[in-house]
Structures are given as C-alpha cells and as structure tokens.
Amino acid sequence: MLLQAKRLPILLPLIFNFIYVQSLTSVEQVQPTEEQLSSFWLSQAQDQLGERLARTKDAIIDTRKAKNVVMLLGDGLSITTLTAARILKGQRSGARGEEAQLALERFPFAGLSKTYCVDEQTPDSACTATAYLGGVKTHSGTVGQSASGERVDSVLQWAQQAGKVTGIVTTTRLTDASPAGAYAHVRRRGEELEIARQLVEDEPGKSLHVILGGGLSKFTDERRDGKNLLTQWRETNPNGCFARSLKDLRNCSDATGSLLGVFGDSHMSYHLAASKEQPRLCEMAAAAIEKLQQKSQEDGNGYFVFIEGGRIDHGHHETRVGYALDEMLEFDAAVETVIKMTDPRETLIVATADHSHTLSMAGYAKRGTPILGMDAQQRDLNGVPYSTLNYAIGKWQSLDKEGKRESPSKTLSTTSYTPSYIHGRKGVHSGEDVAVFAMGPQAHHFGGIMEQNLLPHIIGYAACLGSGVTLCRQEKDNATDVSTFA
Ligand SMILES: [Zn+2]
C-alpha cells in the first residue's frame, strides 16, 4: 500500500496526460439544437446590437444615416496577409516596407470577427458568407440557408427592399460561395449551376444592376438543362450592357441599363498572370460604383455593393504567398478606389475577411528584409536558414532526399511555393478571428470583438435596412417575426 502511494506521484501525470489527450482527440458531436435555426442567430445578433448601442449611446454623437453601403471582402485575408502585403507594397516602391500604409489603414474604426460556423471550428467561405451577408451562422458549405434549411435573405436583398440599387463584383466565378451569399440559397456550395440559375432568374439576383466577375461556363457551356442564361439575361435586360474585356467594360460606361461583365470561363486570372484584356479589381469596383451612382441618382435612394477580392484565398491554398500578397494588394487598390469615389458623409464602407489562413511571419528578421525571401539571421537547430513567411500546412516542406529540411533560398521567388511545416495536399483555412474595418455613418459600431453574423445587422442599423433595430426605427419591427427576417 505504502509502495503504491509512493508511486502515485509518478503515475498521476501519466493518468492526467491520458485523460487530457483523450479530451483533445474526442469531438463533441452534440450540437445545440437552437443553432440550427435562423431565429437563434437573428435574436442573438439583435441582442448584441442592443448591447452595442447601449455601450456607445452617450459617448458618440453620430446621427448620420448611411445612404450608400460598400462591403468589401478579402477572401482568406488574415492579419498576417495584411502585414506581409503592406511590407511588400513598401518594398515594391523601394522602401524598407514595414512603414508603408495600406488603404485599409485609413479606416477610423476596426474590430475583430469570430468566424466559426454551426458545425465547424474553422469555417469555409459558404457558411461565413451566410453570416456576414445574411446575419445567420450555418453549416459549412451552405449558402443563404440556415443549418436547418430555412431561407436566409442577405443584406443586399434588404437593400433592394429599401429601394436601393445593388451590385456584386468578384475576381472568382460569380457562382462561387462568397458572391453567392449575396443572392443564392443552396444547401451545398457546389451546386453552382443552380446558383447561376438563381442569379439570372430569381430575386434578388435578377434585380441586380451590376454583376462583374468570372465563371461564364456555369451560365452557358456547362449547363445540362438547355438554358443559356447569358441569352436570358440579355433578353430581360434589353438596355443592359455585356462586357467580356476591359475595353468592353469601359465602353459600357455610357449605357443606360444594367451591367453584366464576365471575364473568364472560370475564376478570373491572378493579377500576376492576367492579360491586359482582363480588368483589375479596382477597375471593376470603379465601373460598379459609377454605374450604381448613376442609377441611384434617378430616385435618390442610394446603393449597396459587395466587392470581393476572391483570389487571396486561392494563393494561400496553393501555398504560393507571392500570389496571395499580390491579390491582397489588388484588393487594397480597390479599397483605395472606393474611398476616392465615395463621400464619407453618406457612404458606409465596411471591409473584412471571411476566414483566416495559416500563413505565419516568424523569426526576428531585420527591418527591410525582403518579405518574400530568406531571413539572413536565423537558423534552425541544424544550422539551416529559413524564410520569414511559412505556412503551417501546405504542399512543400523544402526537404532534401533524406527528408531533412534544407534551405529554400534557391527556390524562393515571387511565384514559387512557400515552405510549410506540415505536408498537406494544399493550404488550409485557419480558425482565428479576422479584422473588420469601417468608415462613414455609424462606423463606430464596428469595434471590439464581434460575432461574424452581427455585421449585416450593424449595416442594417446604419442604413435603415431589414426588419431589426435601425437608426430609423429603434425597435424591431413587431410585424415581422425574426424567423422571417427580411
Ligand atoms: Zn478557401
């Protein structure tokens, strides 16, 4: 007995360790049933909105209503991506880089958004789009529906219902998960042929005034239902202008009708690999805002536009950080364009990301170290140097034939793979919070740490959209139950 008691201190850590490892590897499968329903997320977001309004009531006097709303989304735009892209921007101009400024730095208010979805700790772009556009968290892969299958209307649809003109702009396929969150309702994001049909045939897609992005084949060649959705769009928009190149897009600026631009069969090319025929994101953003300003002048109700830099995420999935950072700088150039073209007294601009990626910026690199290259000072325990930027999980580990890590210095370039710690098929999303930036009327409500599905509720508040609490109506519209939130 005495012997066993003496052994106990040795055994205890082992027992605890066993229990701890067990608890880290077993996943709780039971989900709270209320999370399946729109009403849960809508009420929860409205409660948070109430708390937020109470918190800032006496501190801030901003009675301005947002007439226009521009929502900018950097897909996979993690905070490390932001920092590294800022340094790259500075280094491209010949400076050391760290002190450079992004357009995003001109936003007076910023906060963080919690990106988890109903069934996943680390989310995808579908459930997050449903959160930041529809105000409801849902299952991974689901667009515009709650986890139990209820239809979730987006803030873009709320804007249309309030008489605003609307648009979507993306560098991915128009039917990809993020832009689809503005107008589509499908259980699985892969149903892109159905998403394309909804864009052209259903509300709110068919009432969009501006549609710019890639993915033409989902509207034409890939279809098995005999429809040519491009022809259909032209028939229902006889005054509309259709663009397939930058030149076309410029020629469309004089047209009086709606604008549809599709620049590629699938995703648009990375900016680094694109021909001059392909418009840049900032050029699409400018064309969209010009058209929406023109259109909204007719009735004076303002506009809502969703603008996505969608291929930051793709650069990260390929673990080619040079592409990801260049796409981030393209996104930032679009932010710059939006700021220049709008009046901050009447336009709310919100810029955020859907989820993070596993890019890390590690070591103690000296000021001005080329951000896409090696850190000259640092060595691992075997004396092998390493790069400043690495991914946690990715395609390439920079190993020699014996499986030992070797210096990636000879391989690294603007378009090369970036080293990763763990060998995977591709880069993966990561689950930490992402940044939210805001300027314009009511922008101060975007602060602190927010649930991602709160964002459209704050936009709704600022621009008097939807049936929740708004600047124009301090109580929820009792005529509308939250389960039919519109
Ligand atoms: Zn992704």
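Atoms within a ligand are numbered from 1 in the order they appear, just like the ligands themselves.
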Should the ring pair Phe306 and Tyr132 be called parallel, tilted or perpendicular, given that the plane angle runs from 0 to 90° and is split at 30 and 60? parallel
Taking both backbone and side chain into account, is any N, O or S atom of His429 nearer than 2.8 Å to the Zn ion (ligand 1)? yes
Any non-hydrogen side-chain atom of Arg197 less than 4.5 Å from a side-chain atom of Arg223? yes
Output yes if His317 passes the N/O/S-under-2.8 Å test against the Zn ion (ligand 1); output no otherwise. yes
Salt bridge check: are Glu283 and Arg250 linked by an N-O gap of less than 4.0 Å? yes
Is there an N/O/S atom in Asp313 that lies less than 2.8 Å from the Zn ion (ligand 1)? yes
Criterion side-chain hydrogen bond (donor to acceptor under 3.5 Å, both in side chains) against Tyr270, the qualifying member of Glu330, His314, Glu318: Glu318
